[in-house]
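Here's the structure, in C-alpha cells; my notes come after.
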Amino acid sequence: MPLIHISLRAGKPEAYRQAIFDGLYRAMRETLNVPEDDQFMTISEHDAANFRYSASCYGVSRSEDVVYIQITVFNTRTTEQKKALFRRTAELLGKNPGIRPENVFVNVLESAKENWSVGHGLAQFA
Ligand SMILES: O=C(O)/C=C/C=C(\O)C(=O)O
C-alpha cells in the first residue's frame with residue numbers, strides 16, 4: 001500500500017505533475033510488485049521561501065527542479081528491489097515529464113503491515 005508524498009517548487013503544469021504520478025506508479029508496479037491500481041499519492045507545491053535544496057551535496061548537481069519523493073511501503077522489500085525502484089523512477093521521470101536524474105531525490109520509509117488501515121477503521125494487513 002505505498003503512500004507517496006511528493007514535494008516540488010510551485011508552478012509546473014498539471015500534465016507535468018500527472019506524469020510524475022504515472023511514472024511512480026509504473027516504477028512501483030515494475031519493481032515492488034504493488035497491486036494493480038494501488039495509487040495513493042499527493043503532491044505539495046512550494047514557493048521559493050518554503051523550499052530548500054543543496055545544489056551540490058553528495059556530489060549531485062541539483063537545480064530548483066529537484067523533486068522530493070517519499071514512499072512509505074510495507075517492510076518486505078529487498079535492497080535490490082529498492083535499488084531497482086530508484087533506477088526505474090529516475091528513468092521514467094526522465095522520459096516524462098523530463099526531470100534530470102540529478103533532480104530525482106527519493107526516500108523509502110518502511111512500515112510494518114499492522115501499521116496500515118486503508119478504510120473502514122480496520123487493520124487489513126495485520
Ligand atoms: O498486496 C496488497 O494487497 C498490498 C500491497 C502493498 C504494498 O505492496 C506495500 O505497501 O508495500
Side-chain angles (χ1 to χ4, degrees):
M1 208 59 44
L3 180 62
I4 301 189
H5 298 295
I6 300 154
S7 299
L8 72 171
R9 280 289 304 275
K12 299 295 187 196
E14 179 176 349
Y16 185 102
R17 288 176 275 128
Q18 292 299 319
I20 294 175
F21 285 146
D22 292 343
L24 279 168
Y25 173 60
R26 184 169 164 195
M28 291 190 304
R29 288 278 292 159
E30 291 180 5
T31 63
L32 301 186
N33 303 315
V34 303
E36 189 174 357
D37 205 29
D38 190 333
Q39 301 195 62
F40 302 94
M41 312 184 219
T42 59
I43 287 179
S44 301
E45 297 185 87
H46 304 270
D47 59 26
N50 293 304
F51 192 88
R52 185 175 287 197
Y53 68 94
S54 165
S56 60
C57 191
Y58 301 113
V60 179
S61 179
R62 300 177 196 86
S63 73
E64 67 174 17
D65 286 334
V66 65
V67 177
Y68 300 140
I69 299 165
Q70 190 159 64
I71 303 175
T72 307
V73 288
F74 289 162
N75 58 352
T76 55
R77 296 335 191 292
T78 65
T79 298
E80 286 313 311
Q81 282 180 294
K82 287 178 262 189
K83 286 181 178 177
L85 171 71
F86 299 148
R87 199 167 42 242
R88 194 66 180 131
T89 297
E91 280 171 8
L92 289 170
L93 298 191
K95 284 183 186 151
N96 189 17
I99 301 173
R100 287 197 299 118
E102 292 92 332
N103 281 331
V104 179
F105 186 114
V106 184
N107 169 235
V108 169
L109 294 175
E110 298 182 300
S111 181
K113 290 189 174 184
E114 66 264 26
N115 294 336
W116 298 82
S117 177
V118 296
H120 295 296
L122 301 172
Q124 282 90 349
F125 306 101

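Remember, it's 1-based here, ligands and their atoms both numbered in the order they're listed.
Close approach of ligand 1 to P2 (heavy-atom distance below 4.0 Å) involves ligand atoms 7 (C), 9 (C), 10 (O).
Only the side chain of F125 comes within 4.0 Å of ligand 1, counting heavy atoms alone; its backbone N, CA, C and O stay farther away. When heavy-atom distances to ligand 1 are checked against a 4.0 Å cut-off, P35 comes that close only through its side chain, counted from C-beta outward.
When only interatomic distances are considered, the shortest N/O to N/O separation between F74 and ligand 1 falls below 3.5 Å.
Surrounding CZ of F21 are more than 12 heavy atoms belonging to other residues, nucleotides or ligands, all under 6.0 Å away. Within a 6.0 Å sphere centred on CD of E36, other residues, nucleotides and ligands contribute 12 heavy atoms or fewer.
The pair E91-R88 meets the salt-bridge criterion, with a side-chain N (NZ, NE, NH1 or NH2) lying under 4.0 Å from an Asp/Glu carboxylate O.
Taking all heavy atoms of R29, M28, E110, R77 into account, the minimum distance to atom 8 (O) of ligand 1 is reached by R77.
Remark: minimum distance from atom 6 (C) of ligand 1 to any protein heavy atom is reached at M1 N, 2.1 Å.
Relative orientation of the F51 and H46 rings is tilted, given thresholds of 30° and 60° on the angle between their planes.
Residues Y16 and I99 form a side-chain contact, since some pair of their non-hydrogen atoms from C-beta on lies under 4.5 Å apart.
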